[in-house]
Chemist: 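Can you keep this structure in mind? I'll have questions shortly.
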Amino acid sequence: MYGLIGKFIAAEGQRDALVDILLEGMASMPGCFSYVVARDPQDASAIWITEVWDNAESHRASLELPSVQQAIARGRPLIAGMERIAETAPAGGHGLAKEPL
C-alpha cells in the first residue's frame with residue numbers, strides 16, 4: 001500500500017469551502033482505500049489530508065480523473081499553501097477499507 005499525509009493552508013475564511021471541494025472531488029477513485037479530510041483544531045486555516053492507496057501509480061492516475069481535475073480547478077484559488085508531510089507504507093488498521101473506494 002501507498003500513503004500520503006498532506007497539509008493545505010486555506011486562504012483566510014475559505015477553509016470550509018475548500019473542505020467541501022476536497023470531499024466532493026474524492027468520489028470513485030480507483031485504488032483508493034481511504035481519503036480523510038480533517039480540519040486542524042489549532043489552526044483555523046489548516047486542513048490535513050490522509051490518503052491510503054493500493055499503490056503510488058493509482059494515486060498519480062487519480063490526478064487525471066475528471067472529478068479530481070474539477071476539484072483542483074475549483075479549489076486552487078482557495079489554497080494559500082500546501083505541504084507534503086510524508087509518504088507512508090500503510091500496514092493496515094481499523095477502518096481501513098479492504099476494497100478501494
Side-chain angles (χ1 to χ4, degrees):
M1 281 191 272
Y2 175 75
L4 285 173
I5 300 169
K7 181 180 181 181
F8 285 179
I9 303 300
E12 187 173 338
Q14 297 299 316
R15 182 171 76 172
D16 288 342
L18 183 55
V19 165
D20 290 344
I21 291 168
L22 291 169
L23 291 172
E24 289 171 16
M26 67 175 229
S28 301
M29 296 189 298
C32 183
F33 292 110
S34 177
Y35 184 91
V36 177
V37 177
R39 293 173 184 91
D40 188 318
Q42 305 301 316
D43 182 342
S45 297
I47 302 167
W48 292 93
I49 298 97
T50 307
E51 307 174 51
V52 179
W53 296 83
D54 58 356
N55 57 56
E57 293 76 29
S58 291
H59 174 260
R60 280 192 290 279
S62 76
L63 299 174
E64 301 303 321
L65 294 170
S67 63
V68 174
Q69 285 289 310
Q70 290 170 1
I72 290 169
R74 289 178 54 219
R76 185 173 284 133
L78 307 181
I79 299 171
M82 292 175 31
E83 296 177 46
R84 178 178 260 184
I85 303 300
E87 288 186 60
T88 65
H94 180 76
L96 185 60
K98 294 187 186 330
E99 296 295 322
L101 298 175

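Residues: numbered from 1 along the sequence shown. Only a predicted model underlies this, so the values are computations on that prediction, with no experimental measurement involved.
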Chemist: Between Gly3 and Pro90, what is the shortest heavy-atom contact and its length?
Modeler: N-CD, 3.5 Å
Chemist: Is there side-chain contact between Leu65 and Ser28, with at least one heavy-atom pair below 4.5 Å?
Modeler: no
Chemist: Linking Ile, Leu, Val, Met, Phe, Trp and Tyr through side-chain heavy atoms less than 4.5 Å apart, which residues share a cluster with Ile9?
Modeler: none
Chemist: Taking all non-hydrogen atoms of both residues into account, name the closest pair between Leu18 and Ala10 and its distance.
Modeler: CD2-CB, 4.0 Å
Chemist: Could you tell me which non-hydrogen atom of Pro30 sits nearest to which non-hydrogen atom of Ser58, and how far apart they are?
Modeler: O-CB, 3.8 Å
Chemist: Do Ile85 and Val37 sit in one hydrophobic cluster, given that two such residues count as connected whenever their side-chain heavy atoms are within less than 4.5 Å of each other, even indirectly?
Modeler: no
Chemist: Should Val36 and Val68 be counted in the same cluster of Ile, Leu, Val, Met, Phe, Trp and Tyr side chains packed under 4.5 Å apart?
Modeler: no
Chemist: Consider only side-chain heavy atoms of I, L, V, M, F, W and Y, link residues closer than 4.5 Å, and tell whether Phe8 and Ile5 are in one cluster.
Modeler: no
Chemist: Report, one line per pair, each donor and acceptor closer than 3.5 Å where one atom sits in a side chain of residues 43-52; sequence neighbours left out.
Modeler:
unit_1 : atom_1 : unit_2 : atom_2 : d
Asp43  : OD1    : Ser45  : N      : 2.9
Trp48  : NE1    : Asp40  : OD2    : 2.9
Glu51  : OE1    : Trp53  : NE1    : 2.9

Chemist: Quick one: salt bridge (Lys or Arg N to Asp or Glu O under 4.0 Å) pairs with a partner in residues 8-17, sequence neighbours left out?
Modeler: Asp16-Arg39
Chemist: Could you pull out all residues at least two apart from Ala17 that satisfy side-chain contact (heavy atoms from CB on, under 4.5 Å)?
Modeler: Gln14, Leu78
Chemist: Restricting to pairs with a member in residues 71-92, which pass side chain to side chain donor-acceptor pair (under 3.5 Å), not counting sequence neighbours?
Modeler: Tyr2-Glu87, Glu24-Arg74
Chemist: Can you measure from CD1 (Ile72) to OG (Ser67) and round to the nearest 0.5 angstrom?
Modeler: 9.5 Å
